[in-house]
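Just so you know, these numbers come straight off a predicted model, no measurement behind them.
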Amino acid sequence: MNRTGARGGAAHRGWALFAILCMTFMEVLDGTIVNVALPTMQAELGVEATEVQLVASAFLVITCAFLLVFGRLGDIVGKVRVFQIGVILFTVGSGLCALSSTLPVLVIARGVQALGVACSLANNQGIITELFAESRGRALGLVATFTALGAMAGPTVGGMLVSMFPWESIFVINIPIGIISFVIGLIALPNRRPTEKRALDVSGMLLIIPSILLVFVAITLMETAAGPFEFGLLAVGLVLLALFVAVERRVPEPLVRLEVFRNVSFDIDLVAMVLVFLGLSGVTIIMPFYLQSALGLDPGVAGLVMACYPLVNATIGTLSGALSDKIGCIKPTIAGQAVFSAGLFGLSCLALDTPITAIVPMLMFTSLGSAMFQSPNNSLIMGHAAPEMLGFVGSLGNLMRYLGQSLGITISTGVLYGSMSAEAGYRVTSFVEGRPELFMHGLATVFHLLSALVLIALACSLVRTLVIDRRRA
């Protein structure tokens, strides 16, 4: 009887994990698939390129703005309930996107999608941590694997759909998968409601949402320009964030439990996540320009070369997570940061005559480092969370990932063109035809910087392991 019950429980948890992985895959796929369809959307909707970018940027900014709120809401009313609401919103939003005939309607529909993504992303790691206490690393590794698969499949699936069907098809495919995920979740996901009733901190919510919105909007705008307006938005966002911290210290039931940040080990794990994802984002931004503009490769060939990066992530993510369950999370995260930093430095040595047979192994080695790091680092972060704070800590981890990716795009493009401009002696804002050496100078500068930033994360992790944690022990 016990053995059968154990098998039934394992199967139940497996279906629950499947529902979460479905949503994870679709959310990441949706983020990358849209980028491929933007030129087609621009032409058919009759708008400018800068306007159609709102379809992608609004989705990212709104997701980030609501992550912490929905993470805390999951701790108050139940993580599964908020997760399932997210599945509904994402599916309905996908349908609205497919029915949109104007850009404003499409952007609003993408906002509905983003709210759904924020609901589910804010609570998926908390649900997994509750369900898989003894094999948390392996389960979180599967999340990393499906994230990588979504990123890898997005451009390919998007390209196929847009070439064969109207652009609305990229949103239609979300609907059946969303329905399947919701139904399976309804059966398999256990909604563990908190034993104590807690109130939602409305004053904190009204400060944190606009502060994160303004900060991420400023970072996004700085990808193309960094003037008084962009810095003004950033300053206002940071002021609101400071006010939020002041308010949270006084309310009895704060939206963010600030005491969690008094754990230096937890802070270091978050910083390491930001810096590693900053480096990862830099690779995905710079390498396509190197392959297509500098080397002159066909976009299809360049896409195949870049596909090796998420392929390694998808393969190693689960293995790294499973390994962390056996030997602990510290060693894989430290080793991953070391390998990733070395890989970034290797990419700084690329040249105009570097063969593809050398580029692919270098990319795979770099990807190996980030894949070794991600699952154990997620497990470390979730391991710091008390049961009543799993939703908040999970949402905070995802917010730090998005922050790293956004900073990676802004810093990498800023350093690339700034370095190219300094070398050329005039302002450069794109690849200069006939002068590939300018781009190669910028590429080397960017990857040197990214490698150094990951080394800083590694140094902090070593201090945490060799000094801080030992003192506590």
Side-chain angles (χ1 to χ4, degrees), residues 20 61-89 114-131 133 136 189-216 236-271 273 378 380-403:
I20 294 173
V61 171
I62 292 172
T63 299
C64 293
F66 284 88
L67 272 172
L68 294 183
V69 172
F70 289 143
R72 182 57 181 158
L73 193 61
D75 289 332
I76 294 173
V77 304
K79 285 175 278 296
V80 168
R81 178 179 292 179
V82 177
F83 177 88
Q84 288 287 74
I85 290 173
V87 177
I88 294 171
L89 285 173
L115 290 174
V117 171
C119 282
S120 56
L121 274 184
N123 291 279
N124 62 355
Q125 294 191 39
I127 297 170
I128 287 173
T129 301
E130 285 184 341
L131 289 176
R136 181 177 67 215
L189 287 171
N191 189 29
R192 300 175 181 176
R193 298 183 183 181
T195 54
E196 298 180 16
K197 288 187 177 181
R198 294 185 173 89
L200 181 63
D201 174 19
V202 177
S203 59
M205 182 179 70
L206 293 176
L207 284 170
I208 194 66
I209 290 174
S211 68
I212 295 177
L213 271 173
L214 289 172
V215 168
F216 273 85
V236 174
L238 293 176
V239 168
L240 288 177
L241 193 59
L243 287 174
F244 168 76
V245 172
V247 168
E248 293 300 276
R249 288 176 174 172
R250 292 176 172 82
V251 296
E253 288 286 345
L255 181 71
V256 174
R257 303 276 290 274
L258 297 175
E259 62 267 21
V260 71
F261 297 104
R262 294 173 188 163
N263 185 334
V264 180
S265 296
F266 176 71
D267 297 338
I268 288 174
D269 293 334
L270 290 177
V271 170
M273 173 179 275
N378 285 338
L380 273 177
I381 289 171
M382 296 308 298
H384 291 295
E388 69 275 10
M389 294 179 63
L390 286 173
F392 164 69
V393 172
S395 63
L396 181 64
N398 279 308
L399 180 62
M400 293 299 103
R401 175 166 63 88
Y402 276 119
L403 177 62

Residues two or more places apart in sequence or in another chain: which of them pass side-chain contact (heavy atoms from CB on, under 4.5 Å) with [X]?
X	result
V247	S203, L207, V251
V80	Q84, I127, L189, N191
I88	V92, F182
R249	V245, L258

Rounded at 0.5 Å granularity, tell me how far [atom1] in [X] sits from [atom2] in [Y].
X	Y	atom1	atom2	value
S120	L89	OG	CG	9.5 Å
L399	I212	CG	CD1	5.0 Å
L396	M382	CG	CE	10.0 Å
C64	F216	SG	CZ	4.0 Å
E253	E248	CD	CD	11.0 Å
R81	I85	CZ	CD1	7.5 Å

Checklist line | Sub-4.5 Å side-chain heavy-atom contact between N123 and S395 | finding: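 N123 does not reach S395 side chain to side chain.
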
Next item on the list: With sequence neighbours excluded, tell me which residues meet ring-ring contact (aromatic ring centres under 6.0 Å, His included) with F70.
Entry: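 F70: ring-ring contact (aromatic ring centres under 6.0 Å, His included) contacts with F66.
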
Note to self: So, using side-chain hydrogen bond (donor to acceptor under 3.5 Å, both in side chains) as the criterion, who are the partners of N398 when residues are at least two apart?
What the structure shows: R401

